[in-house]
Amino acid sequence: MPSSDYDAASLPDLLPLYYRRLFPFSQYYRWLNYGGVQKNYFQNREFSFTLKDDIYVRYQSFSTQTELEKEMQKMNPYKVDIGAVYSHRPNQHNTVKSGTFQALEKELVFDIDMTDYDDVRSCCSAADICSKCWTLMTIAIRILDRALREDFGFRHLLWVYSGRRGVHCWVCDEAARKLSVAARSAVAEYLSLVKGGEETVRKVVLTDPIHPFIRASLAVVESYFSQYALQEQDILGNKESLDKVLALVPEDVRKDLLQYFQTEKNPEKRWGRLMTLANNKRGTVKKGQYFEKEIMLQYCYPRLDVNVSKGVNHLLKSPFSVHPKTGRISVPIDLKELDTFDPFDVPTISLICEELDRPRTGEEEEEEDDTKDKENDKDAAERRKIRDYKLTSLAKYVKYLDQFLDGMARSRKGELLKKSDLQKDF
Ligand SMILES: [Zn+2]
């Protein structure tokens, strides 16, 4: 069954099965507990649930993994969001003295949504996406991932498909979680290049000298530009999209190009002419002339929803939450497979629930017999849960989360060793 066969009406029937047998609670708890380094880190975390008929319940919090599991299995939320770690337990926020309940920490998060690119994609609009425009998300991830690692030194970045038309990034390093609102704003501003709304024609303005961060970002865009913008989006093709590009070049260049384009229809050659004119112009004027680079960035550079990144108490859809409209699971993206990641391949809740009922192979039956011998019921239940998701297309995404969590655990161990070595020296 192709995963596009999801029917939103079936969601209330599928969610109980999903939360009972498939949701990766142990990895989820392991993530948000961060090794138990800070007291009450998981317990003071806000979760919010969207229930049937858009009933929104904020300030949920849980003492243990089991409590979280039980509550999610009882409420069967259509959507789960993760908020900040607060000074007190969020579910008791009404009982603490007013003003003392405060958001203290949260992952640094980024939200990139395809609807913000509507002025520069011709294949789809609004909530629609296709394999052509998905390249914009690939470019966004490449650019931001590089910058966050190389320019800011972060190491633990979890990229997640939102389930519909965008991606989220959770920067999980301790230093990122402790950033103030002002510091988060500074990072988000540093990473924002495309400015202005609908009424702004020229949304990227470059000045001399070009910042190294912009050069590095341009290198990423350049590797996708020809295939994506010139071929697939055909931005120099039909009159409407061509006019938009020509509005971004100086008057004399526009005249030259219009004449050249009358006989030359090949998009690569058309772009080549534009590049040549840009280079010539740079030789004759003193001030930087980078209109070809500005066009590339305006069409391809990531468009961030900076408000999501700035706030500590801003909520963001949780990984492994279901997208109620598409039924797709919000899965982590392995950057080693980024160029082949296809949002339409991401499993829907209906697909993975159906996969659970498929006849099992001999090997799996044996494993099941094994667990019957276990004295501890909880152990057996845990084992069954592990095996359940492994029977489905969700398995590789949970495995990837495991690897991500192993990476963070190794870092924590490394930090501890460093600290104990320092103490020995004194
Ligand atoms: Zn598209």
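Keep in mind it's a predicted model, so treat the numbers as computed, not measured.
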Crowding at [atom1], [X] (>12 non-hydrogen neighbours, <6.0 Å):
X	atom1	result
E198	CD	no
R155	CZ	no
K178	NZ	yes
K74	NZ	no
K79	NZ	yes

State whether [X] and [Y] are salt-bridged, where the test is any N-O pair (Lys NZ or Arg NE/NH1/NH2 against Asp/Glu carboxylate O) under 4.0 Å.
X	Y	answer
K239	D243	yes
R215	E222	no
R142	D145	no
K413	D406	no
R21	E355	no
R165	D113	yes
R412	E415	no

Below 30° counts as parallel, above 60° as perpendicular, anything between as tilted: where do the rings of [X] and [Y] land?
X	Y	result
W170	W31	perpendicular
Y190	F152	perpendicular
H88	F101	tilted
F213	H211	perpendicular

Within the 4.5 Å heavy-atom criterion, are [X] and [Y] side-chain neighbours or not?
X	Y	answer
Q102	Y86	no
M137	F341	no
S61	E46	no
L394	Y18	yes
Y301	I139	no
F404	P332	no

side-chain hydrogen bond (donor to acceptor under 3.5 Å, both in side chains), that's the test. Do S10 and D7 meet it? Break it down for me. CA-CA 6 Å; S10 62; D7 172 9; 5.3 Å; no
Identify the residue among D111, D116, D119 that makes a salt bridge (Lys or Arg N to Asp or Glu O under 4.0 Å) with R303.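 Result for salt bridge (Lys or Arg N to Asp or Glu O under 4.0 Å) with R303: D119.
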Roughly how far, to the nearest 0.5 Å, is CZ of F291 from CG of L248?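 Interatomic distance, L248 CG to F291 CZ, rounded to 0.5 Å: 10.5 Å.
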Return all side-chain donor-acceptor pairs below 3.5 angstrom for residues 317-324, not counting sequence neighbours, or 'none' if the list is empty.
{"residue": "K317", "atom": "NZ", "partner": "S162", "partner atom": "O", "Å": "2.7"}
{"residue": "S318", "atom": "OG", "partner": "Y28", "partner atom": "OH", "Å": "2.7"}
{"residue": "S321", "atom": "OG", "partner": "V80", "partner atom": "N", "Å": "3.0"}
{"residue": "H323", "atom": "ND1", "partner": "K325", "partner atom": "N", "Å": "3.1"}

Do the numbers put R177 on top of the ring of Y34, so that NZ or CZ is under 6.0 Å from the six-membered ring centre and no more than 45° off the axis?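 That pair qualifies as a cation-pi contact.
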